[in-house]
Protein chains: 2
Amino acid sequence: MLFQAPQEKEKLDPRVKRTRNLIFRAFGELLAEKGFQAITVQDIAYRAEINRATFYAHFPDKYALLQYSIRRAFEEELQQRTLSACHYSEENLRALIVTVCDFVTQSGHHCKAAGGQFDALVEGQVRAQVQELMQFWLKQRSMPPDEADIASTAAAWAIYGLAQHWARSKPQPPLDAYVQRISPLVRSLLMASTLSD
Amino acid sequence: MLFQAPQEKEKLDPRVKRTRNLIFRAFGELLAEKGFQAITVQDIAYRAEINRATFYAHFPDKYALLQYSIRRAFEEELQQRTLSACHYSEENLRALIVTVCDFVTQSGHHCKAAGGQFDALVEGQVRAQVQELMQFWLKQRSMPPDEADIASTAAAWAIYGLAQHWARSKPQPPLDAYVQRISPLVRSLLMASTLSD
DNA sequence: GCTCCTTTGTTGCTTAAACAACACATCAGG
DNA sequence: CCTGATGTGTTGTTTAAGCAACAAAGGAGC
């Protein structure tokens with residue numbers, strides 16, 4: 001992939017990579033089975049076939065793992081939709097918005113059992129990644145860094161906000177139509193300076 | 001489980017256990033995809049997320065892994081059918097025969113691409129385990145060891161031979177009927193001395 | 001025959017994971 | 001209240017897995 005996440009870059013000890021994969025998968029399974037609070041670190045370690053102390057070598061606690069997992073889940077979602085290693089285009093922007101909408105709904109009813117902090121975590125991680133990706137797009141199109149910062153930040157917040165709005169709205173309009181409607185708004189935020197293509 | 005396989009007993013370093021699991025699964029996947037000869041040790045190591053040298057720390061070569069895998073696959077088959085931790089009964093004996101028949105057919109067309117040695121390996125491993133299990137049954141019923149050896153050996157060979165015969169016979173009679181027909185033969189082998197129950 | 005390339009086994013040295021043991025927090029029940 | 005049980009973090013020591021580099025065995029193609 002061309003757009004590698006800033007964290008977890010380059011060469012990482014394969015044992016570390018594998019261990020995190022194991023923890024990630026185990027956590028995902030448990031999350032689906034029991035809900036967040038009911039999960040203990042022991043559960044995770046057992047399921048992942050690792051020692052409990054090893055868990056703490058990678059994450060301070062299960063909340064940190066939750067955060068990491070949200071980020072990874074969203075990353076994988078992006079990769080599966082062939083985004084993340086892409087350039088800017090209207091189509092990719094719409095796809096990105098769709099991904100965020102889906103992810104927000106998913107995380108909404110996937111595990112409502114994680115205290116009020118859950119939504120905040122999802123929001124933070126997803127927004128950060130959306131912003132990074134769009135920043136990457138803009139720099140690729142040679143927008144000056146500080147402008148790209150501002151534009152991508154604004155657009156990321158807007159996308160997340162609109163996604164949440166859609167997810168909560170009753171009745172829910174068809175996603176396609178909604179995205180068609182809002183993507184020009186986001187585009188205008190992104191392209192405030194360079195208005196071509 | 002009450003009837004633990006003689007190898008791989010008691011407490012084994014969890015890393016070893018996990019590594020072997022990873023290798024076992026990776027090998028199973030590759031076997032389904034490419035066939036035995038096409039698989040390299042590198043493939044297995046890559047798929048299992050382990051170092052190639054680690055593979056050699058566990059198995060001399062891929063043939064040894066094949067042998068190990070056959071044994072494990074059959075073990076798991078037994079456990080799934082709730083055998084292996086059981087006492088002798090007519091029903092369990094029939095279930096055992098059914099398992100062997102299924103396993104022989106499976107391994108027959110699952111990967112025909114492993115030289116002529118493949119069948120021999122399956123045969124050896126399966127027969128050994130069938131024999132061990134029945135020996136366990138007999139000793140549980142306080143048959144003297146040397147008698148149990150002989151009886152279980154004869155029965156194991158008979159079961160495997162009859163399973164192979166069934167798998168190759170055309171047209172194949174219904175498995176249920178076939179097992180009903182042959183299980184008394186096996187039973188007579190097992191119970192040659194103690195003819196009660 | 002001869003390369004070039006891939007795969008195979010093998011070997012010190014390095015590093016991450018396992019363990020056991022610890023002090024501490026939390027909570028249900030007598 | 002206290003007691004037993006369970007989960008949390010942390011630490012030093014031990015052990016398995018990773019790495020890089022090696023020699024050697026096979027193939028494929030010229």
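Order of the sequence lines sets the chain letters (A, B, ...), proteins ahead of strands, with each chain counted from 1. Since the model is a prediction, treat every value here as computed from it, not as a measurement.
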In whole Å, I'd like the distance from the CD atom of B:Gln42 to the C1' atom of D:dG18.
15 Å

Protein-nucleotide distance (B:Gln37, atom CD; D:dG26, atom P), rounded to Å
16 Å

d(OH, A:Tyr46; C1', D:dT6) in whole Å
17 Å

Between A:Tyr63 and A:Tyr68, is a ring-ring contact (aromatic ring centres under 6.0 Å, His included) present by the stated rule, with each step listed?
CA-CA 9 Å; A:Tyr63 296 92; A:Tyr68 167 88; over 10 Å; no

Summary of side chain to side chain donor-acceptor pair (under 3.5 Å) pairs that have at least one residue in residues 148-161 of chain A, sequence neighbours excluded
A:Gln131-A:Ser152, A:Gln135-A:Asp149

Can you measure from OG1 (A:Thr19) to CG (A:Asp13) and round to the nearest 0.5 angstrom?
8.5 Å

Ion pair B:Glu29/B:Arg25, N-O distance below 4.0 Å:
no

Tell me, for nucleotides 10-22 of chain C in 5' to 3' order, what letter each nucleotide earns: B for a base near a protein heavy atom under 4.0 Å, S for only sugar-phosphate near one, - for neither?
BB---BSBSB---

Please report, rounded to the nearest Å, how far the C1' atom of D:dT10 is from the CZ atom of A:Phe59.
18 Å

Does B:Arg94 come within less than 4.0 Å of B:Asp176, counting only side-chain N to carboxylate O?
no

For the residue pair A:Asn92 / A:Arg81, report whether a side-chain donor-acceptor contact shorter than 3.5 Å exists.
no

Residues A:Phe27 and A:Ser69: closest non-hydrogen pair is CD2-OG, 3.2 Å

Short N-O contact, B:Glu132 and B:Arg71, less than 4.0 angstrom
yes

Give the rounded distance in Å between these two atoms: CD1 of B:Ile39 and C1' of C:dT7.
15 Å

Rounding to 10 degrees, work out the angle separating the end axes of the helix from C:dG1-D:dC30 to C:dG30-D:dC1 (five pairs an end).
40°

